[in-house]
Amino acid sequence: MQFIIRKPWDVRESRHTPRAIFDRRGQHRREFLRTLGLAASGVAFGSALTGCSQPTEAEIAAAGRVAPLPSEFTGLYPARKNEAFMYGRPETIQSAAAQYANFYEFAGSKDVYRHVDRFNPSPWSFEVDGLCAKPRKFDMDDVYRMFTLEERAYRHRCVETWAMCVPWTGFPLKTLLEQVEPTPAAKFVRFETFLRPEEASQQTYSSYPWPYTEGLTIKEACNELALMATGIFGEPLPKQHGAPLRLVVPWKYGFKGIKSIVRITLTAEQPATFWNTLAPYEYDFEANVDPEVPHPRWSQATEWMLGTYDRFETQKFNGYGEYVAALYTA
Ligand SMILES: Nc1nc2c(c(=O)[nH]1)N[C@H]1C(S)=C(S)[C@@H](COP(=O)(O)O)O[C@H]1N2
Ligand SMILES: [Mo]
């Protein structure tokens with residue numbers, strides 16, 4: 001039995017800005033370019049992916065695109081929408097999210113989509129191991145066969161103060177962990193991204209502690225909000241968003257949402273994580289969104305939305321307290 005409780009951030013759908021309006025903005029831009037006679041030919045804009053010019057939405061989409069799914073799985077997208085989740089804000093334009101990403105394996109800048117062409121996320125497999133009765137390897141075919149995908153409208157808040165509202169496709173992390181039967185000794189979950197310096201240039205010469213790792217307590221991992229995402233905007237994840245499988249934990253700062261996962265390990269001790277290892281005073285393990293705890297170098301009181309620059313007050317737990325606050329009462 002599922003109750004739909006109205007959340008503080010729920011506003012009537014009529015107050016949301018419908019996606020069509022945003023799509024029309026893109027349409028206007030394309031029409032504008034067409035009037036100038038530039039859109040179709042690309043003339044004067046040169047090669048958008050190497051230059052500094054503004055890329056078109058089609059170019060952004062093409063840059064991050066992954067190989068098509070086997071035909072038996074194409075019907076899985078778009079997945080059924082879980083109506084319990086609403087943004088309470090306008091949805092972010094797909095291309096605005098796709099062109100402003102954090103994925104340090106490929107770039108220190110936000111235009112990650114320009115740097116992912118050598119990344120090949122198919123085929124893909126990942127291990128789930130550590131303190132569990134049935135450790136095993138999964139490939140994406142297993143994922144698509146074993147788990148029921150749903151679409152969830154989630155707010156995302158990066159620790160850098162940018163935010164977005166995007167529909168993820170995925171399944172609860174809890175259902176994946178149940179498959180391997182964690183033992184009672186398992187208290188934490190450690191996640192690891194690929195290590196492929198030949199495909200991800202920043203992994204060759206930087207002094208970052210590759211591979212990227214993240215972690216949750218097992219209670220956080222079993223919270224219904226914790227989602228393993230395989231898609232965004234009704235399609236499989238493009239490369240820059242963490243193809244083919246990433247974590248989404250919307251009450252925490254975005255860096256906890258580790259991308260392109262190759263290993264998930266159940267542990268007794270709190271695992272080391274990428275950002276906490278690099279800058280422990282700036283990025284703690286828990287990393288719950290909190291307007292009252294400033295980052296050492298900036299305030300966290302407000303946030304701005306990708307695509308529109310609209311500013312909102314930051315909400316504790318990113319507004320998801322009803323789901324997760326109980327996890328943090330001693
Ligand atoms: N492997 C890996 N995962 C990562 C990152 C990264 O650099 N590498 N960046 C994180 C940060 S800081 C954020 S805000 C989100 C951004 O997700 P998005 O680019 O899909 O919006 O991914 C997170 N996951
Ligand atoms: Mo972030």
Side-chain angles (χ1 to χ4, degrees), residues 60-61 63-64 66 91-116 119 121 124 126 152 154-170 190-197 199-203 206 208-216 226-233 235-264 271-279 282-284 287-289 295 297-298 300 303-307 314 318:
I60 296 164
V66 294
E91 185 166 274
T92 300
I93 305 169
Q94 184 171 0
S95 63
Q99 68 185 287
Y100 196 98
N102 274 332
F103 205 163
Y104 281 80
E105 286 83 341
F106 297 102
S109 52
K110 305 300 177 189
D111 58 347
V112 174
Y113 73 95
R114 296 179 196 262
H115 304 276
V116 290
F119 180 40
W124 192 267
F126 61 98
R152 293 192 183 185
Y154 273 174
R155 292 181 302 283
H156 172 101
R157 171 60 151 83
C158 175
V159 73
E160 299 160 339
T161 76
W162 59 269
M164 61 182 183
C165 292
V166 296
W168 299 105
T169 306
R190 177 184 184 274
F191 302 83
E192 188 179 301
T193 295
F194 64 82
L195 185 62
R196 297 185 179 183
E199 295 180 34
S201 65
Q202 299 301 298
Q203 291 188 322
S206 93
Y208 288 134
W210 306 118
Y212 195 99
T213 49
E214 256 308 335
L216 297 172
L227 196 71
M228 294 302 293
T230 60
I232 189 169
F233 288 102
E235 297 164 7
L237 287 172
K239 297 177 185 180
Q240 69 272 33
H241 281 304
L245 183 77
R246 55 99 53 93
L247 176 68
V248 180
V249 278
W251 72 99
K252 294 179 176 288
Y253 288 119
F255 65 85
K256 300 293 290 183
I258 183 172
K259 295 174 170 178
S260 306
I261 294 167
V262 296
R263 185 177 296 274
I264 299 175
T273 65
F274 183 85
W275 288 110
N276 187 245
T277 301
L278 263 178
E282 302 202 349
Y283 309 107
D284 66 323
N288 291 332
V289 176
H295 184 278
R297 291 181 281 133
W298 59 82
Q300 293 291 21
E303 61 202 35
W304 60 273
M305 305 303 296
L306 296 187
T314 304
N318 203 21

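Since we're looking at a predicted model, the values are computed, not measured. Counting starts at 1 for both ligands and their atoms, in listed order. Residue numbers run from 1 in the order of the sequence given.
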- Could you tell me how the ring of Phe106 sits relative to the ring of Phe119: parallel (under 30°), tilted (30 to 60°) or perpendicular (over 60°)? tilted
- Task: Establish, yes or no, whether a centroid distance under 6.0 Å links the rings of Tyr104 and Tyr212.
- Result: no
- Describe, in one word, how the ring planes of Tyr253 and Phe255 are oriented to each other, choosing from parallel (under 30°), tilted (30 to 60°) and perpendicular (over 60°). parallel
- Query: Is there a side-chain contact between Trp124 and Phe194 (heavy atoms, below 4.5 Å)?
  - Reply: yes
- Message: Under 4.0 Å, counting heavy atoms only: does Glu160 come that close to any atom of ligand 1?
- Response: no
- Message: Below the 3.5 angstrom mark, is there an N/O of Gly257, backbone or side chain, next to an N/O of ligand 1?
- Response: yes
- Message: Using ring centroids (six-membered ring only for Trp), state whether His241 and Phe103 fall under 6.0 Å.
- Response: no
- Message: Please check whether His156 reaches ligand 1 - meaning an N/O of the residue sits under 3.5 Å from an N/O of the ligand, judged on distance alone.
- Response: no
- Note on the structure: Here the atoms of ligand 1 under 4.0 Å from any heavy atom belonging to Thr193 are 1 (N)
- Would you call Glu214 and Lys252 a salt bridge, using N to O less than 4.0 angstrom? no
- Which bit of Tyr212 is near ligand 1, meaning a heavy atom under 4.0 Å away: side chain, backbone, both or neither? side chain
- Which residue holds the protein heavy atom closest to atom 15 (C) of ligand 1, what is that atom called, and what is the gap in Å? Gly254 O, 3.5 Å
- Heteroatom proximity flag, Tyr104 to ligand 1, N/O under 3.5 Å: yes
- Query: Short question: side chain of Lys259, backbone of Leu245 - any donor-acceptor pair under 3.5 Å?
  - Reply: no
- Note on the structure: Near Glu105 (heavy-atom distance under 4.0 Å), the atoms of ligand 1 are 1 (N), 2 (C), 6 (C), 7 (O), 8 (N)
- Any idea which atoms of ligand 1 are less than 4.0 Å away from a heavy-atom of Ile258? 3 (N), 24 (N)
- Task: Within a distance under 4.0 Å of any heavy atom of Ala101, pick out the atoms of ligand 1 and give their elements.
- Result: 19 (O)
- Query: When you measure from atom 18 (P) of ligand 1 to every protein heavy atom, which one gives the shortest distance, and what is it?
  - Reply: Lys259 NZ, 3.4 Å
- Flag the pair Ile258 / Arg246 as yes when at least one side-chain heavy-atom distance between them is below 4.5 Å, and no otherwise. no
- Look at ligand 1 and say whether Met164 reaches it with a heavy atom at a distance under 4.0 Å. yes
- Relative to atom 17 (O) of ligand 1, which among His241, Gln240, Arg246 owns the nearest non-hydrogen atom? Arg246
- In terms of heavy-atom contacts, Val166 and Thr92 come closest through CG1-CB, 4.3 Å
- Message: Does only the side chain of Asn102 get under 4.0 Å from ligand 1, or the backbone, or both, or neither? Count heavy atoms.
- Response: both
- Message: I'd like to check which ligand 1 atoms, numbered from 1 as shown, lie under 4.0 Å from a non-hydrogen atom of Trp162.
- Response: 14 (S), 21 (O)
- Could you list which atoms of ligand 1 come closer than 4.0 Å to a heavy atom of Cys158? 14 (S)
- Query: Looking at CZ of Arg157 and CD of Gln300, how far apart are the two atoms once the value is rounded to the nearest 0.5 Å?
  - Reply: 4.5 Å
